[in-house]
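Every chain is numbered from 1, with letters handed out A, B, ... down the list of sequences.
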2 protein chains.
Amino acid sequence: MADDPWQPPLILLAVDLVILTLRDAHLHVLLVERGVDPFLGVLALPGGFLRDEHEHIEAAARRELAEEAGLYDVHLESLGVYGEPGRDPRGRVVSVAYLAIAPRLPDPVAGTDAAHASWTPVDDALAHATKLAFDHRRILTDGVERARGKLEYTALATAFCAETFTISELQQVYEAVWGVQLDPRNFYRKVQGARGFIVADGPMRKTPNGRPARLFKAGPVHELNPPMTRP
Amino acid sequence: MADDPWQPPLILLAVDLVILTLRDAHLHVLLVERGVDPFLGVLALPGGFLRDEHEHIEAAARRELAEEAGLYDVHLESLGVYGEPGRDPRGRVVSVAYLAIAPRLPDPVAGTDAAHASWTPVDDALAHATKLAFDHRRILTDGVERARGKLEYTALATAFCAETFTISELQQVYEAVWGVQLDPRNFYRKVQGARGFIVADGPMRKTPNGRPARLFKAGPVHELNPPMTRP
DNA sequence: CAAATAGTGTCTTTAAGACACTATTTA
DNA sequence: TAAATAGTGTCTTAAAGACACTATTTG
């Protein structure tokens with residue numbers, strides 16, 4: 001009982017990414033087809049192990065974001081820890097999940113590291129017929145729920161938009177992520193009333209036929225007051 | 001370039017606990033004085049390494065809750081991951097922080113494992129003069145902020161109360177955690193109006209001199225509607 | 001002109017917050 | 001009786017949500 005040979009266990013640390021974007025007014029998530037065991041050939045969230053003992057966890061997430069999705073400078077926030085023993089047959093793996101929000105971008109280019117990645121409608125990815133590797137269904141569910149909640153009281157919606165955007169584009173973000181229809185006139189007043197949410201930027205954007213749309217960019221405020229409320 | 005000797009790094013996984021309770025109408029946190037290096041003698045959050053490769057992370061948190069605080073069956077939720085390289089001189093340690101909320105209980109009993117733990121007012125623990133081990137100041141700050149936020153839209157406040165409680169006890173929770181004064185009459189109507197938040201339980205509780213207080217227990221609803229709003 | 005977005009007005013309902021007041025049940 | 005909690009009434013203000021309406025700027 002004097003000297004104890006006990007040593008804490010060593011584990012493997014991974015990062016997994018829920019990368020959301022808007023395409024055709026629908027919420028999409030980036031999925032990859034796994035190229036190695038376990039779950040070879042199965043759809044999974046992008047992710048990987050820490051590169052070395054000195055890498056910051058968030059730096060690993062940004063590295064995967066670049067390597068697997070070709071994305072830089074997008075919104076990234078920590079989502080949670082997923083570390084059930086037995087979730088990975090290779091040993092005790094604990095994964096730190098991150099939520100990334102990207103504006104609509106060109107498709108992953110064939111021939112790059114990101115070639116095996118593809119944007120999938122979130123509804124399809126979470127359909128019961130779809131199989132996801134590990135506990136990635138749960139992580140994806142949690143990520144979508146986080147995004148839904150944060151649209152209410154933060155300016156996260158602007159992370160789905162390009163540098164400049166119109167108010168109706170911003171409205172589409174809310175409608176797609178929440179899965180609801182909003183009144184454009186009340187929406188207009190609400191975003192304009194939340195001071196610091198969006199600020200006018202540049203001239204106008206031409207529309208096919210009609211008055212051109214005003215352009216805005218994200219304002220300095222990240223906490224919305226008053227908040228946008230989910231119907 | 002064919003076979004790569006690269007292996008992902010092995011890391012140590014710890015859990016740290018922000019255990020909050022109410023004492024004398026003030027928010028307190030359980031701190032321990034570290035008995036080993038690093039930070040020997042410095043105040044720290046209770047916590048420790050995973051016991052073995054098969055232990056669930058939340059089970060480790062519950063084990064520490066029992067060992068270091070003598071607490072069972074309290075509210076426990078995951079708070080986040082803290083894994084800066086260099087936060088622990090023993091090597092790469094990644095800590096999963098948990099937030100626990102306990103009703104007021106007798107002090108830790110001398111002679112048990114929990115004897116070196118003590119309830120400290122959160123304001124003191126976060127005072128600039130107070131030194132906390134590792135990044136525990138940040139974890140504590142995040143835990144308190146989480147509790148403040150969740151009081152608004154969840155029934156978390158009941159976790160600070162004993163099995164049964166009076167409405168004014170519940171009000172004290174809000175006042176202590178938010179650091180504000182609330183109108184008892186409006187508070188009364190608001191908690192009664194949030195259906196499922198609290199339900200009547202048992203008879204009355206005698207007061208030193210005056211009408212006895214009605215007793216309630218936590219209701220079945222965890223998401224408050226309408227939410228309690230922070231002034 | 002039609003089409004599309006910009007922007008206002010107004011009504012109803014809900015809730016927050018301030019505060020006066022009455023009712024009940026004990027020592 | 002005083003003390004303490006229970007519970008109601010009412011006023012003001014803010015905001016959500018529905019919806020009609022006018023204004024502007026293009027092809």
Side-chain angles (χ1 to χ4, degrees), chain A residues 25 149 151-153 157 161-162 164-175 178-217 221 223-231, chain B residues 25 149 151-153 157 161-162 164-175 178-217 221 223-231:
Chain A
L151 284 201
E152 291 194 60
Y153 56 92
C161 298
T164 63
F165 50 87
T166 68
I167 288 189
S168 64
E169 283 169 350
L170 190 63
Q171 183 178 339
Q172 275 182 39
V173 173
Y174 279 91
E175 292 184 330
W178 283 348
V180 298
Q181 289 269 102
L182 300 173
D183 183 293
R185 296 156 298 184
N186 291 334
F187 184 83
Y188 175 90
R189 249 187 307 220
K190 217 153 164 189
V191 294
Q192 294 283 47
R195 284 186 295 266
F197 184 10
I198 58 172
V199 298
D201 181 273
M204 302 288 178
R205 172 183 299 172
K206 293 206 183 119
T207 52
N209 183 19
R211 176 174 178 169
R214 280 181 69 189
L215 288 173
F216 294 85
K217 61 181 180 183
V221 170
E223 299 253 317
L224 298 186
N225 193 281
M228 309 294 288
T229 49
R230 212 186 318 195
Chain B
L151 284 201
E152 291 193 60
Y153 56 93
C161 299
T164 62
F165 50 86
T166 69
I167 288 189
S168 64
E169 282 168 350
L170 191 62
Q171 183 179 339
Q172 275 182 40
V173 173
Y174 279 91
E175 292 184 329
W178 283 349
V180 298
Q181 289 268 102
L182 300 173
D183 183 294
R185 298 156 297 185
N186 290 335
F187 184 84
Y188 175 89
R189 248 187 307 220
K190 217 152 163 187
V191 294
Q192 294 284 47
R195 283 186 297 265
F197 184 11
I198 58 172
V199 297
D201 180 274
M204 302 289 178
R205 173 183 299 172
K206 293 206 183 116
T207 52
N209 183 20
R211 175 174 179 170
R214 280 181 69 189
L215 287 175
F216 294 85
K217 62 180 179 183
V221 171
E223 299 254 314
L224 299 186
N225 192 282
M228 309 293 290
T229 47
R230 209 184 320 193

Sequence neighbours excluded and cut-off under 3.5 Å, please list the side-chain donor-acceptor pairs for residues 179-190 of chain B, or say none.
residue  : atom : partner  : partner atom : Å
B:Asp183 : OD1  : B:Arg185 : N            : 2.7
B:Asp183 : OD1  : B:Arg185 : NE           : 3.2
B:Asp183 : OD1  : B:Asn186 : N            : 3.0
B:Asp183 : OD2  : B:Arg185 : NH2          : 2.8
B:Lys190 : NZ   : B:Thr229 : OG1          : 2.9

Next item on the list: Starting at atom CG of A:Leu215, determine the distance to atom P of D:dT26, rounded to an integer number of angstrom.
Entry: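 Computing the A:Leu215:CG to D:dT26:P distance gives 13 Å.
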Just jot down the side-chain hydrogen bond (donor to acceptor under 3.5 Å, both in side chains) partners of [X], sequence neighbours excluded, or say none.
X	value
B:Glu152	B:Arg230
A:Thr164	none
A:Arg195	none
A:Gln172	none

Nucleotides 12-16 of chain D: which of its N/O atoms have a protein N/O under 3.5 Å away?
residue : atom : partner  : partner atom : Å
D:dA16  : OP1  : A:Pro227 : O            : 3.3

Check: Which residues, if any, of residues 191-201 of chain A bring a heavy atom under 4.0 Å of DNA chain C?
Finding: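 Residues of residues 191-201 of chain A under 4.0 Å from DNA chain C: none.
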Note to self: Any heavy-atom pair between the side chains of B:Tyr153 and B:Leu224 that's under 4.5 Å?
What the structure shows: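 No, side chains not in contact.
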Notebook entry, point to check: Which residues pass the salt bridge (charged side-chain N to carboxylate O under 4.0 Å, His left out) test with A:Glu175, sequence neighbours left out?
Noted result: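 Salt bridge (charged side-chain N to carboxylate O under 4.0 Å, His left out) list for A:Glu175, sorted by chain: empty.
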Next item on the list: For DNA chain C, note the earliest and the latest nucleotide, 5' to 3', having some atom under 4.0 Å of a heavy atom belonging to chain A.
Entry: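 Extent of the interface on DNA chain C: C:dA3 to C:dT10.
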Using side-chain contact (heavy atoms from CB on, under 4.5 Å) as the criterion, list what pairs up with [X], not counting sequence neighbours.
X	result
A:Phe216	A:Phe165, A:Ile167, A:Gln192, A:Ile198, A:Ala200, A:Arg214
A:Val199	A:Lys217, A:Pro220
A:Ala162	none

Margin query: Regarding B:Arg214, tell me which of base, sugar-phosphate or nothing describes its non-hydrogen contacts under 4.0 Å with the strands shown.
Written below: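 Sugar-phosphate contact only - B:Arg214 comes under 4.0 Å of backbone atoms but never of a base.
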Next item on the list: Please figure out whether A:Asn186 or A:Pro212 has its closest DNA chain D nucleotide nearer the 5' end.
Entry: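 This one resolves to A:Asn186.
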